[in-house]
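Structure record follows, encoded as structure tokens.
First listed ligand is number 1; within each ligand, the first listed atom is number 1. This structure is a prediction, so every number in the text was calculated from the model and none was measured.
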Amino acid sequence: MSTPRIDLRSDTVTLPSDEMRRAMASAEVGDDVYGEDPTINRLEARAAKIFGREAAIFVPTGTMGNQIAIKLHTRPGQEILCEARGHIFNWEMAMLGWFSGCIVRPVAAPQGILSWDLLEPMIAPSTYYVAQTGLISMENTHNMAGGTVTPIAAIDEICAQAHQRKLPVHLDGARVFNAATYLGKPVAEITRSFDSVMFCLSKGLGAPVGSMLVGSKDFIDQARSIRKALGGGMRQAGVLAAAGLIALEQGPARLHEDHANARLLAEGLANIPGIEIDLATVQTNIVIFDVSGTGKTSSEIAAELKLQGVLVGTVNPQLIRFVTHLNVSSADCKQALQSLRTICNTRVSV
Ligand SMILES: Cc1ncc(COP(=O)(O)O)c(C=O)c1O
């Protein structure tokens with residue numbers, strides 16, 4: 001069995017660069033619970049500036065950032081509208097029920113792209129005898145829909161309509177820099193209408209650890225208190241912020257390479273008999289495709305790929321997910337396609 005060397009499971013598997021490791025080793029640090037870590041303070045100030053907001057806070061994970069935002073925007077007993085395949089609903093350990101006392105009213109959207117027309121009928125009527133809608137949460141790019149991008153016009157309309165009804169809108173922007181790259185716009189512009197934004201340093205941007213929550217000064221002051229309550233007061237975490245700063249400054253500029261590699265994978269997959277892929281959904285660095293026509297399950301194919309040194313993720317028995325990132329080259333993608341062709345027993349050339 002060969003050692004796995006092409007890891008397409010997620011963009012979370014990236015390894016810190018030598019430059020990041022050097023910056024971590026020499027980072028100026030202090031106790032961040034006292035607000036005395038200069039590297040954390042620099043990272044938070046940079047994130048706020050890049051997003052055109054008053055303030056930002058460093059959190060260990062995207063999950064913690066989302067859950068702090070949900071806690072601050074809602075009251076127990078409320079409903080949260082989010083897309084049916086959304087991360088906050090499906091992958092955050094039911095924390096919005098556990099920690100914030102809310103439930104999700106899921107809204108299924110084609111390609112994971114919400115619109116006001118889909119959301120409006122799901123808002124609870126304002127009467128005393130039904131649970132009230134407390135928050136709309138969006139995800140851009142949408143992970144489980146295949147890295148799809150919600151256009152700015154749809155975001156601005158949803159936020160404007162929600163705000164008229166005094167409803168806050170949060171963005172799970174774990175991969176918002178991928179969305180910005182696809183749209184060719186700055187992140188500040190594509191997130192301007194949200195009340196709060198979480199984004200991850202530890203995915204496509206390449207940091208080993210960390211996410212940011214950005215918003216108004218008042219909101220982030222309160223977020224600091226909730227982060228502490230969750231055990232997220234991290235003391236000399238400047239060693240992590242040092243890598244985060246490099247990810248934030250340098251990561252976005254190369255995301256188009258990951259998108260090109262995802263496109264290369266998608267177009268190759270479309271030529272493999274038995275594999276079904278909707279090329280229109282491949283907009284950023286995620287490729288989700290259906291293997292049922294091959295006569296094998298996704299787990300069987302994933303296990304065979306692993307034997308050939310290619311690691312991939314399964315979404316369900318039919319669907320496989322590939323994610324491109326800075327530690328995957330176009331040659332790796334071609335190699336992964338070749339392995340898959342062999343497994344599917346086809347003779348189509350690259
Ligand atoms: C869309 C989305 N939101 C949030 C998260 C949570 O990030 P973390 O793994 O840092 O908690 C992820 C992680 O994969 C994600 O894909």
Exercise. Are any of the heavy atoms in Met64 under 4.0 Å away from ligand 1?
Worked result: no
Exercise. If we only count N/O pairs under 3.5 Å, is Ser211 in contact with ligand 1?
Worked result: no
For this session: Return the residue, atom name and 0.1 Å-rounded distance of the protein heavy atom closest to atom 10 (O) of ligand 1.
Result: Gly62 N, 2.8 Å
Exercise. Less than 3.5 Å between some nitrogen or oxygen of Asp172 and one of ligand 1, yes or no?
Worked result: yes
Seminar exercise, completed: Interatomic distance, NZ@Lys203 vs OG1@Thr141, rounded to 0.5 Å, equals 10.0 Å
For this session: Run the numbers for me: atoms of ligand 1, each under 4.0 Å from some heavy atom of Glu92, listed by number.
Result: 4 (C)
Problem set entry | Polar proximity ligand 1 side, Thr12 side, N/O cut 3.5 Å exclusive | no
Exercise. Can you name the closest pair of heavy atoms from Ala262 and Ile286 and give their distance?
Worked result: CB-N, 4.4 Å
Problem set entry | Parallel, tilted or perpendicular: rings of His73 and His170 (30°, 60°) | tilted
Exercise. Are Asp32 and Arg235 ion-paired here, with the side-chain N under 4.0 Å from a carboxylate O?
Worked result: no
For this session: Starting from atom 11 (O) of ligand 1, find the nearest protein heavy-atom neighbour and note its residue, name and distance.
Result: Thr63 OG1, 2.6 Å
Seminar exercise, completed: Going by the 4.0 angstrom heavy-atom rule, the piece of Asn143 near ligand 1 is side chain
Problem set entry | No-hydrogen, no-angle side-chain donor-acceptor test under 3.5 Å, Glu257 and Asn261 | no
Exercise. Who passes side chain to side chain donor-acceptor pair (under 3.5 Å) against Ser329, sequence neighbours left out?
Worked result: Asp332
Exercise. Where on Asn66 is there a heavy atom closer than 4.0 Å to ligand 1, on the side chain, on the backbone, on both, or on neither?
Worked result: side chain
Exercise. For His142, is the nearest heavy atom under 4.0 Å from an atom of ligand 1?
Worked result: no
Exercise. Considering Met144, His87, Gln67, which one's heavy-atom position lies nearest to atom 5 (C) of ligand 1?
Worked result: His87
Problem set entry | Over all atoms of both residues, closest heavy-atom pair of Ile158 and Trp116 | CG1-N, 3.6 Å
Exercise. For atom 1 (C) of ligand 1, what's the nearest protein heavy atom and its distance?
Worked result: Glu139 OE2, 3.3 Å
For this session: Identify the heavy atoms of Val59 and Met212 that sit nearest to each other, and give their distance.
Result: CG2-N, 4.2 Å
Exercise. How would you list, by chain and number, every residue that makes a side chain to side chain donor-acceptor pair (under 3.5 Å) with Asn178, sequence neighbours excluded?
Worked result: His259
Seminar exercise, completed: re atom 13 (C) of ligand 1, the protein heavy-atom contact at minimum distance is Lys203 CE, 3.0 Å
